[in-house]
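What follows is one structure encoded as structure tokens, with my remarks underneath.
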Amino acid sequence: MTKAVKTIRKLAGEAPVEAAIILGSGLSDIGSMLADSVTIPFAELKGFPQGGVSGHGKDLIIGQLGGKRVAVLTGRQHYYEHGNAAAMRPALETLAELGTRTLLLTNAAGSLDMDIRPGDLMLLNDHINYAGMNPLIGEETDRRFVNMVDAYDPELRATTHAIASRLDIPLREGVYLWYSGPSFETVAEIRMAITLGANAVGMSTAPEVILGRFLGLRVWACSSITNMGAGLLQGEEISHTQTKEVAKLGAEKLMRLIPALVEEL
Ligand code: HPA
């Protein structure tokens with residue numbers, strides 16, 4: 001048992017957690033949805049994200065959502081913070097040990113598709129690991145050869161679309177391309193990402209999806225679109241401030257969508 005598992009069980013109780021939700025830039029308010037919750041600062045949990053990025057929270061919240069016991073991480077670690085693509089592995093292993101079967105990931109992303117606009121949600125159906133880094137480098141067992149076909153669980157995606165139409169939440173779907181960041185993309189890089197077949201770009205999520213599949217979790221991911229990719233919108237100035245602000249539009253939709261999804265897990 002990891003040290004973090006022991007701390008969490010001591011502070012939040014022994015009952016298993018069914019799902020875990022990781023919140024992206026500007027999306028940390030989603031954590032406030034949990035009822036009967038216990039909040040544990042990452043600083044008290046060995047292996048959880050230390051340091052941090054503005055617009056991200058620094059807490060693990062355990063509580064009730066959609067009739068289930070869930071864990072929410074109000075922030076994450078990114079490859080660009082230190083060059084370690086496996087930075088989220090200890091936290092994800094801890095969540096798996098607590099009983100998590102389903103991993104719900106959220107992020108802020110730039111759109112490459114004129115039909116997917118700032119404020120929209122885009123469900124991920126696949127990714128392109130353009131950063132080229134893999135969190136399983138150094139893993140020594142054959143488990144490292146993870147099959148990534150249908151990594152974004154098709155059944156969960158179908159359920160999400162059904163819920164979104166029932167709740168009247170517009171929901172797009174597409175391929176997410178992972179650039180390492182932290183600089184935003186050049187105009188040429190955005191053109192390339194479009195040519196490669198991506199619908200959105202961002203600086204996170206893909207390594208967590210690989211780790212989630214490695215741990216045998218069902219994985220779901222959704223982007224809150226905060227801007228159009230560099231050069232796609234005349235006069236748009238891409239910034240982290242904009243990311244944090246516009247992500248909130250998506251957060252409002254996610255706060256309706258996620259509880260309904262968790263209820264159906
Ligand atoms: N590029 C990469 N990451 C992002 C963007 C973007 O345009 N917007 C929000 N996160």
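These numbers come from the heavy atoms of this one structure, side chains and all, not from hydrogens, waters or symmetry mates. Atoms within a ligand are numbered from 1 in the order they appear, just like the ligands themselves.
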Heavy atom of Tyr179 under 4.0 Å from ligand 1?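 No; Tyr179 lies far enough from ligand 1 that no heavy-atom distance drops under 4.0 Å.
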
For ligand 1, is Gly229 a contact, meaning one of its heavy atoms is under 4.0 Å away? no

Heavy atom of the protein closest to [atom] (residue, atom name, distance):
{"atom": "atom 3 (N) of ligand 1", "answer": "Gly202 CA, 3.4 Å"}
{"atom": "atom 8 (N) of ligand 1", "answer": "Asn227 OD1, 2.7 Å"}
{"atom": "atom 10 (N) of ligand 1", "answer": "Ala108 O, 3.3 Å"}
{"atom": "atom 1 (N) of ligand 1", "answer": "Glu185 OE1, 2.8 Å"}
{"atom": "atom 5 (C) of ligand 1", "answer": "Gly110 N, 3.4 Å"}

Can you name the one residue among Val72, Leu11, Ile61 that meets side chain to side chain contact (heavy atoms under 4.5 Å, CB included) with Thr39? Ile61

Record the part of Thr243 in heavy-atom contact with ligand 1 below 4.0 Å; permitted values are side chain, backbone, both and neither. side chain

Under-4.0 Å heavy-atom contact with ligand 1, by part of Ala109 that carries it: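 Contact part for Ala109 vs ligand 1: backbone (N, CA, C, O).
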
Test applied, ring pair (Phe, Tyr, Trp, His ring centres under 6.0 Å); reference residue, His127; option that passes from Tyr152, Trp178, Tyr179, Tyr176: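 That would be Tyr152.
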
Could you check whether any side-chain heavy atom of Thr7 comes within less than 4.5 Å of a side-chain heavy atom of Lys46, counting everything from C-beta outward? no

Heavy atoms, side chains only, cut-off 4.5 Å: are Leu95 and Leu215 in contact?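 No; the side chains remain at least 4.5 Å from each other.
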
With no hydrogens and no angle check, do the side chains of His56 and Thr74 hold a donor and an acceptor under 3.5 Å apart? no

Can a side-chain donor-acceptor contact be found between Glu173 and Asn125 if the only test is distance below 3.5 angstrom? yes

Option passing side chain to side chain donor-acceptor pair (under 3.5 Å) with Gln77 (candidates Glu208, His82, Arg89):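 Result: among Glu208, His82, Arg89, His82 is the only option passing the side chain to side chain donor-acceptor pair (under 3.5 Å) with Gln77.
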
Quick one: which of Asn107, Thr226, Leu177 has a heavy atom closest to atom 9 (C) of ligand 1? Thr226

